[in-house]
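Chain letters run A, B, ... following the sequence lines, proteins first, then strands; residues in each count from 1.
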There are 2 protein chains.
Amino acid sequence: MGPKYSSSRENYLKAIFHLQEIHGTVTTNDVANELQTRPASVTDMLKKLKAQKLLLYEKYKGFKLNTEGRKVALQIIRKHRLWEYFLVEKLRFGWDEVHEIAEELEHISSKKLIDRLDEFLGFPKSDPHGDPIPDSQGRWTLTRQVDLLNLPINQMAEVSGIGDQSAEILELLNHKHIALGTRLEVKKKFAFDNSIELKIKNQSPVTISEHVAKNVFVKYDE
Amino acid sequence: MGPKYSSSRENYLKAIFHLQEIHGTVTTNDVANELQTRPASVTDMLKKLKAQKLLLYEKYKGFKLNTEGRKVALQIIRKHRLWEYFLVEKLRFGWDEVHEIAEELEHISSKKLIDRLDEFLGFPKSDPHGDPIPDSQGRWTLTRQVDLLNLPINQMAEVSGIGDQSAEILELLNHKHIALGTRLEVKKKFAFDNSIELKIKNQSPVTISEHVAKNVFVKYDE
DNA sequence: TTTATTTTTTAGATTTGTCTAAATTTTATT
DNA sequence: AATAAAATTTAGACAAATCTAAAAAATAAA
Ligand SMILES: [Mn+2]
Ligand SMILES: [Mn+2]
Ligand SMILES: [Mn+2]
Ligand SMILES: [Mn+2]
């Protein structure tokens, strides 16, 4: 058996899903813009997707994915993001050059292939751009963003933002080898002054004050 | 930029290349049969490939790939076989379940992707079915098949066939741990009786007679 | 609430790749 | 050489996906 839906239909489903996520609602023009096509072409496709029971659609009234359409869209997103992860982690591509290639790879139909790839990659939770990778049932783990005071002990996390942007805090963080992207975990929290002891791989533990901890934001899965 | 040629065109080029290899010449019916399509469809496509300067074609007289067509075909074959190798060696697929999936993967267009994949796989010389993998210039190393008498000294090779199929020789080979797929090299050739000393990895050397050597066929690259 | 603007849909073409049925050419048999 | 059979090509049609231009509906402005 070949693919269940054409690449074109899959691209429409994915685009509608994404726009739905961002705006809650989607318009014909949105989709045309997203897919670099014409509104008339979108209308044509909406009818086809409706006929295939992937979409709820009433002309002039709007449209949205139904359960089946959402399910299909999530599997394409899963494939897209797993391939991106593969390209970066195994083939040494930069995170900024994988999207185009994944746009093609996401349409390869074999389910077994993608599940094996997932396993081969160690079941990654997010792609090189930090976006969550749905599992084979279409579920994904949320990436939580918290400051270091609220990061659970022993939870590996990645620095994703700095609150205070002053030269002083940046100098301090630089000295302690903490930068955007640094992976670390909190080893101890001292109740006395709310200071925190951190561990970065291959480095000796460092301590930071509550004031600093409040201004370092990290993200982690689950 | 997307793919230079459609998947369909690439499939035609590949089919024509293969049939040309086997029979020296190709007919419309051959191609129709190979691609599970109709002769009329083949004729239609021949015209398009000719217009694209990938094929020499004169109606009713026959056709064959020109230099450019051959070049394109070889790159598709390269992709097909590298992906098959990836599926077997990295994703633990059986050699009998990868062809279908590679039929889709071979149409992914990125040249950088396939060159990186080649590197990631360690520049394999042949795919899981023993077929040679062309390099990025479309050249491949021939796999030579010889009997053990003619295998160059110290050339690693793989047992690919047994001439005499009698129970006696099979018992002898079995006792010396030589079977289809065994990788070995010739360490010494004795001029006195043309007997040969072999080395199989992790085993002590074994000697076989000229008579046996004549009946064991091996293949090796280059 | 008319009128104007924007959005969406329809009507009719176009491109690519495929098909069937019929015509043409080549090849094989009397 | 004439006829039969097989291979190949053409003619005309169709499905999928796209487009332009025009019509219809919804929304915003006056
Ligand atoms: Mn992407
Ligand atoms: Mn991504
Ligand atoms: Mn294959
Ligand atoms: Mn193969």
Q: Answer with yes or no whether the side chains of A:His129 and A:His99 bring together a donor and an acceptor at under 3.5 Å.
A: no
Next item on the list: Count the heavy atoms belonging to other residues, nucleotides or ligands that lie under 6.0 Å from NZ of B:Lys111, then report whether that count exceeds 12.
Entry: yes
With sequence neighbours left out, the residues meeting salt bridge (Lys or Arg N to Asp or Glu O under 4.0 Å) with B:Glu119 are A:Arg92
>> Are the side chains of A:Trp140 and A:Asp135 in contact, using a 4.5 Å heavy-atom criterion?
In response: no
Rounded to whole Å, the CD-P distance (B:Gln36 to C:dT18) equals 13 Å
Separation of D:dA7 atom P from B:His23 atom NE2, nearest Å, is 14 Å
Any donor-acceptor pair under 3.5 Å from B:Gln20 side chain to B:Leu65 backbone:
yes
Q) Is the distance from OP1 or OP2 of C:dT20 to the nearest side-chain N or O of B:Arg38 less than 4.0 Å? A) yes
In 5'-to-3' order, the base (B), backbone-only (S) or no-contact (-) status of each nucleotide in nucleotides 6-17 of chain C, using a 4.0 angstrom heavy-atom cut-off, is -SBBB------B
